[in-house]
Structure formats: structure tokens, C-alpha cells
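Inspection log for the structure reproduced underneath, given as C-alpha cells.
Along the sequence shown, residues are numbered consecutively beginning with 1.
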Amino acid sequence: MKSFIGFSFIAAAICSVATLEIPPNGSSRIVNGPYAVNAPYNAYITYIDSAQTGFFGGGSLISDRHVLTAALNIAGYVRWEVGLGSTVFGQLTKQISTQAIAHPSFNMANRANDIGIIILPSPVLFTELVQPIQLPLLGRTLPYENEEGMIVGFGFNTVNGQDRSDYLKVGYQRVIADSRCVGIYQITLPNHFCAEDALQRSNVCNGDLGAAFVVPERGVKTLVGIASLITHNCDSVNPTGYTRVSPYRQWIRDNAGV
């Protein structure tokens, strides 16, 4: 069984928030992804601990005050800088939050219940560039096996690069069989699923954990997964493991009202 990047790796990789330097061996990017068109729900998250060190990940706007992300971007951290509203990194509009909720049963070791909510200090104004994304209906389990979804994130231009991409990247993956997924990650079914791109080999990496897996449910973009698990090498061959949003719909409603 291939291992996955856990808390020990992230803790070793955290960097000065003032410079946000990326570890030399960190491939924090959507691998093999072209530039993305507008994804108005997408959030870029810098998470910071009490020692003023941190790293970065992804998230999704689900209301004017709430960003859905992975619990690993929340547990152990005290401050979150959330960037919204652009496919150009330098043009993101940012808010700093000191309120976030990780799922109470989150387990860093195996990423069980890897879901959390960041609460923004001020409501955001919805525009063409800033919009919440739809969540699955209560009682509806998504996505389906072999269904294609989209992932977006900011990241490096090259695998061994040191510069974050100035532009949002996009990748497309298909949901694979659970039997393959459990052979790679210590997942909990049906609360996790895996997806891969067997053609272009687009994939997420460490700096994009927490980003959304989005499918066109009845013609509407719907957030059905949260990037949670990647292999050590952040390669383009192994699939990404996602927290399935559907089992947590009531929890999200209870904590975010959506």
C-alpha cells in the first residue's frame, strides 16, 4: 500500500508566512493542468499557526460567509487568509479569518472526516467573479463511478519550480472504482473516493489540498469532493483521494446554514 502525505510532512514543510517559501521538494500544483477559466467559487487559503508559520491549500465558497475546505487546513491553525475573485493570483481579494471549524471526528493519520469550514469575518459581495458553488442535495450520493469532475488551483509552472503560478490551473479527472482506491489509500468508504486523469495525467499536489472536485449535476456545477489524499511524490500517475461531500451535508447545514 502506498503511503500518503500526512501531518508530519506538512509540519516539516511549513514556512515563514512573511515569505511563504515553498520546500525545495514540494510540488504544490495541479500537475499537467492548463490555465483555467473563471471559477468564482474557488478560494486560495493560507493557513497559519500560533508560531506564525504556515502553508497553503484550496477551498470553495459555499455562502457569503463560509468556505468549505479540508480539515487538515484547519486543525492546529489559528488564522486563515482567504483569497477570492480572480484567476490571477496577484488580483485575489483577501480576508483574514480567525474562525474555523474542523469536523470533530477528523483523523489526521488516515484523513477520516477530512472536512472543515472557514468562517469569513465579513460577508462577500457576489459578483460575476465571486459566487458560491452548489452542494449536493441532502440524501443524494455523488459522484458516480467513471463520472468526470474538474479541479482548479494555483501552483508551480514546473515540477521542480520555486515560483507559484500567476494563473489558476485546471485539471479533469474521472472517478475510479473503490477497489482501486482502497489499494492506494487507507480510506473510509463511502466517505472517500478517488479520481484520476488517464489521458493528460492532471493531478493535484500538496498546496491544492482542500480544493473542490466539481461535477455538472443536472447542468449545475456541484461540489462533490474535497482533495484530501495524495501520494508522497505528488506524481501524475496515482489518483487523488477526495472526501465525499454527500455524507456531510447535514453537518455542513448545521454549521454553515447551507
To the closest 0.5 Å, what do you measure between [atom1] ([X]) and [atom2] ([Y])?
| X | Y | atom1 | atom2 | result |
| --- | --- | --- | --- | --- |
| I252 | L68 | CD1 | CG | 4.5 Å |
| R218 | L137 | CZ | CG | 7.0 Å |
| I45 | I74 | CD1 | CD1 | 7.5 Å |
| D178 | E145 | CG | CD | 7.0 Å |
| E147 | E217 | CD | CD | 7.0 Å |
| I151 | N42 | CD1 | CG | 11.0 Å |

Going hydrophobic residue to hydrophobic residue with side-chain gaps under 4.5 angstrom, can you get from [X] over to [Y]?
| X | Y | answer |
| --- | --- | --- |
| Y185 | L189 | yes |
| F126 | I119 | yes |
| Y172 | L199 | no |
| V170 | Y41 | yes |

Within a strict 4.5 Å, meaning less than it, do heavy atoms of the [X] and [Y] side chains meet?
| X | Y | answer |
| --- | --- | --- |
| R201 | E196 | yes |
| P239 | Q173 | no |
| H192 | C181 | no |

| request: Applying side chain to side chain contact (heavy atoms under 4.5 Å, CB included), run through L61 and L120 and close with a yes or a no. | output: CA-CA 10 Å; L61 191 68; L120 300 176; 4.2 Å; yes
| field | R253/L138 under side chain to side chain contact (heavy atoms under 4.5 Å, CB included): CA gap, chis, key distance, verdict | value | CA-CA 10 Å; R253 177 167 291 183; L138 284 168; 3.0 Å; yes
| said: Test: ring-ring contact (aromatic ring centres under 6.0 Å, His included). Region: residues 208-231. Which pairs qualify, not counting sequence neighbours? | reply: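 Listed by first then second residue: F193-F213, F213-Y242.
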| task | Could you walk me through whether I62 and L135 pass side chain to side chain contact (heavy atoms under 4.5 Å, CB included), step by step? | result | CA-CA 8 Å; I62 59 171; L135 297 172; 3.9 Å; yes
| query | Please walk me through it: do V124 and Q95 pass side chain to side chain contact (heavy atoms under 4.5 Å, CB included)? | reply | CA-CA 9 Å; V124 297; Q95 286 196 42; 3.4 Å; yes
| field | Residue pairs passing the side chain to side chain donor-acceptor pair (under 3.5 Å) test where at least one lies in residues 54-73, sequence neighbours excluded | value | S63-H66, T69-N73
| Sequence neighbours excluded, every pair satisfying side chain to side chain donor-acceptor pair (under 3.5 Å) that has a member inside residues 123-134 |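 Checked against side chain to side chain donor-acceptor pair (under 3.5 Å) - neighbours excluded - the pairs reaching residues 123-134 are Q134-T222.
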| request: Please assess S105 against N113 for the test side chain to side chain donor-acceptor pair (under 3.5 Å), listing each intermediate value before the final yes or no. | output: CA-CA 6 Å; S105 298; N113 306 299; 4.5 Å; no
| Partner of Y47 by ring-ring contact (aromatic ring centres under 6.0 Å, His included), out of W80, Y77, F56 | Y77
Nearest atoms (heavy-atom pairs only) where [X] meets [Y]:
| X | Y | value |
| --- | --- | --- |
| S228 | T243 | CB-OG1, 3.7 Å |
| G116 | W251 | CA-CH2, 4.0 Å |
| V152 | A39 | CG2-CB, 4.2 Å |

| Ring centers of H103, Y248 separated by less than 6.0 Å | yes
